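Some notes on the structure that comes next.
Residue numbering restarts at 1 for every chain, and letters A, B, ... go by the order of the sequence lines. Values below: every heavy atom of this structure, side chains too, minus hydrogens, waters and symmetry copies. Note that this is a predicted model, so its numbers are computed, not measured.
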2 protein chains.
Amino acid sequence: MATGRTHRPATRSRGIPEATVARLPLYLRALTALSERSVPTVSSEELAAAAGVNSAKLRKDFSYLGSYGTRGVGYDVEYLVYQISRELGLTQDWPVVIVGIGNLGAALANYGGFASRGFRVAALIDADPAMAGKPVAGIPVRHTDDLEKIIKDNGVSIGVIATPAGAAQQVCDRLVAAGVTSILNFAPTVLSVPDGVDVRKVDLSIELQILAFHEQRKAGEETPAGDGALPAATPRAASADQGPDGDVPAVMPA
Amino acid sequence: MATGRTHRPATRSRGIPEATVARLPLYLRALTALSERSVPTVSSEELAAAAGVNSAKLRKDFSYLGSYGTRGVGYDVEYLVYQISRELGLTQDWPVVIVGIGNLGAALANYGGFASRGFRVAALIDADPAMAGKPVAGIPVRHTDDLEKIIKDNGVSIGVIATPAGAAQQVCDRLVAAGVTSILNFAPTVLSVPDGVDVRKVDLSIELQILAFHEQRKAGEETPAGDGALPAATPRAASADQGPDGDVPAVMPA
DNA sequence: TTCTGTGAAAAGTTTCACAGCA
DNA sequence: TGCTGTGAAACTTTTCACAGAA
């Protein structure tokens, strides 16, 4: 597999850990909500609670971005919104295409959190000729035949795949060949892509299976005998899910 | 105050790392495909490729479950399917409810990977009285008023929230109070739940933002010298993992 | 005083590399 | 021989705990 060693030890100022990157959108959402309520500053403790993490982690995360807080006071909400947006690349416009306009594709097209965050749905694409021209979420659906042209005309670099599993790899290949370098995959299949292309996947059934794993564990461990009624919100001691390994609800009513 | 989260001193065999649990569904899917093609055995190398991970990781993962392979040969597909299914708790039936039957809820209701994996949609629930009785994916939608009764009558312990953000916490509270102990949240909001309840979230806009971060980086840094024309082969090791769950779980415990 | 920013320790995860079984 | 299973090393992420700015 030739080529350079593992790139990116890059301990430059630009070395933001992946785990931190994955949490920035969470902070951003919490901050946006505060901003809308015109809250001027927020402490790491408050913001952490709103984002569902603990404050040490949040401070550490922010320390990778720079020193944007004020000791004894907290963080300036507006300023932090801007800094995180910039870090995430949301100060620019990202045209995206959604391929596969079934229920899921339609749900995505209708999803509001889109436009408000620097993303713009440049086109909806489906293989069914019967759908062509019909508007979904106010955007006319276009046929797969035009995929390459759409990508190029709009300078799209992010594609969302919401097709059935069987079509996903092929769609992916076409997107990549046309110039897309980031893909969000909702189809339950592993995509293979060339180096330099990012793929993230969202998979409902995997999430459910992980829940089932923990659920099973809860049922198996410590269940006190009999007790026909459901324990519902009874605060369980040591919490069964915490057992195997972390997966701790970081959010606590506390 | 609470704390006192004791640490499991790497106890007995039941200590499967969370990262491993998150990959088991992936292996299971690849194995199921092999099983359908009547492939009798598979090596760690082949299975790893199909699941989009490397073989050392796969072997390590399986070592937490037990020694189910045969040296010099590989793994028996059927046996492994069974062992992983059992480990994940998929040998039992999990009734789930989906709350919020918009486009997304409908997409979830129609999602096939459901039934085939030990999950059964026990009910669809929506707050809109106009939807009540109308079938979606062959299942009649019921009104939110009946939520508690539905949960109890069906012994539901897993709930899926696909409502707008504003309704999510309230729905969550009702689910939990009625006995649900695992929640899959699609609403873009942080849920707070009592100890002992697991929440996993799936958030489209977060995934897109993470992609945007990497996309921005690609555009920014780039070649050390010559500026190649096409990105496709740019040797960036950063996060070009093919396939699944590259580095950071797409979903985090709440 | 209050709250950030951060070294250092701990915990968790991945990768390496090879012993040893079929 | 060919492949699994696994210690040990390398790396990543989280947590602790406290110095120091406002």
Practice task
Using only side-chain N and O atoms of A:N54, determine if any of them is under 4.0 Å from OP1 or OP2 of D:dT15.
Solution key: yes
Exercise for the section: Classify the nucleic acid contact of B:Y75 as base, sugar-phosphate or nothing, counting any heavy atom under 4.0 Å across all strands shown. Expected result: sugar-phosphate
Exercise for the section: Answer yes or no: is there a side-chain heavy-atom contact under 4.5 Å between B:V81 and B:L28? Expected result: yes
Handout entry: Heavy atoms from other residues, nucleotides or ligands near CD of A:Q169 exceed 12 (cutoff 6.0 Å)
Key = yes
Exercise for the section: Could you check which of D:dT13, C:dT15, C:dT13 has an atom nearest any side-chain atom of B:K57? Expected result: C:dT15
Handout entry: Watson-Crick or G-U pairs under 3.5 Å in DNA chain D, rendered as dot-bracket with [ ] for crossing pairs and | for another strand
Key = ||||||||||||||||||||||
Exercise for the section: Verify ring pair (Phe, Tyr, Trp, His ring centres under 6.0 Å) between B:Y68 and B:Y75, making sure each step is shown before the conclusion. Expected result: CA-CA 7 Å; B:Y68 296 145; B:Y75 301 90; 8.6 Å; no
Practice task
Consider the side chain of B:R71, meaning its heavy atoms from C-beta on, and name the nucleotide among D:dA22, D:dC16, C:dC21 that approaches it most closely.
Solution key: C:dC21
Problem - Rounded distance in Å - OH (A:Y68) to C1' (C:dT6) - result: 16 Å
Exercise for the section: Examine distances only and state if a side-chain atom of A:K218 and a backbone atom of B:T181 form a donor-acceptor pair shorter than 3.5 Å. Expected result: yes
Practice task
Report the nucleotide, chosen from D:dT13, C:dG5, C:dC18, that has the shortest atom-to-atom distance to any side-chain atom of B:R59.
Solution key: C:dC18
Handout entry: Nearest-nucleotide comparison on DNA chain C, the residue closer to the 5′ end among A:A56 and A:V73
Key = A:V73
Handout entry: Comparing B:G66 and A:G72 on DNA chain D - which has the more 5′ nearest nucleotide
Key = B:G66
Exercise for the section: Just compare D:dG5, C:dT14, C:dG5 and give me whichever is closest to any side-chain atom of B:R23. Expected result: C:dT14
Fill in the blank from the handout: A:K60 has its side chain closest, among C:dC21, C:dG7, D:dT13, to C:dG7
Completion exercise
Closest non-hydrogen contact found for A:A212 with B:W94 is CB-NE1, 3.6 Å
Handout entry: A:Y64 OH to C:dT4 P, straight-line distance once rounded to whole Å
Key = 17 Å
Practice task
Verify whether one side chain among A:R86 and A:T91 offers a donor that lies under 3.5 Å from an acceptor in the other.
Solution key: no
Handout entry: A:E87 with B:R217: basic N within carboxylate O range, under 4.0 Å
Key = yes
Practice task
Please state how far atom CD1 in A:I16 lies from atom P in D:dT13, giving the value in whole angstrom units.
Solution key: 12 Å
Handout entry: Whether over 12 other heavy atoms sit under 6.0 Å from B:Q170 CD
Key = no
Handout entry: B:S192 to B:D173 - nearest heavy-atom pair and separation
Key = O-OD1, 4.2 Å
Handout entry: Pair A:Q209-A:S205, side-chain donor/acceptor within less than 3.5 Å
Key = yes
Practice task
Using atom CG of A:D61 as one end and atom P of D:dT15 as the other, report the distance to the nearest whole Å.
Solution key: 11 Å
Problem - Separation of atom CG in B:L80 from atom P in D:dC3, rounded to whole Å - result: 17 Å
Handout entry: Whole-Å gap separating C1' (C:dT14) and CZ (B:F62)
Key = 16 Å
Handout entry: Residues in contact with DNA chain D, drawn from residues 37-49 of chain B - heavy-atom cutoff 4.0 Å
Key = B:S43, B:S44
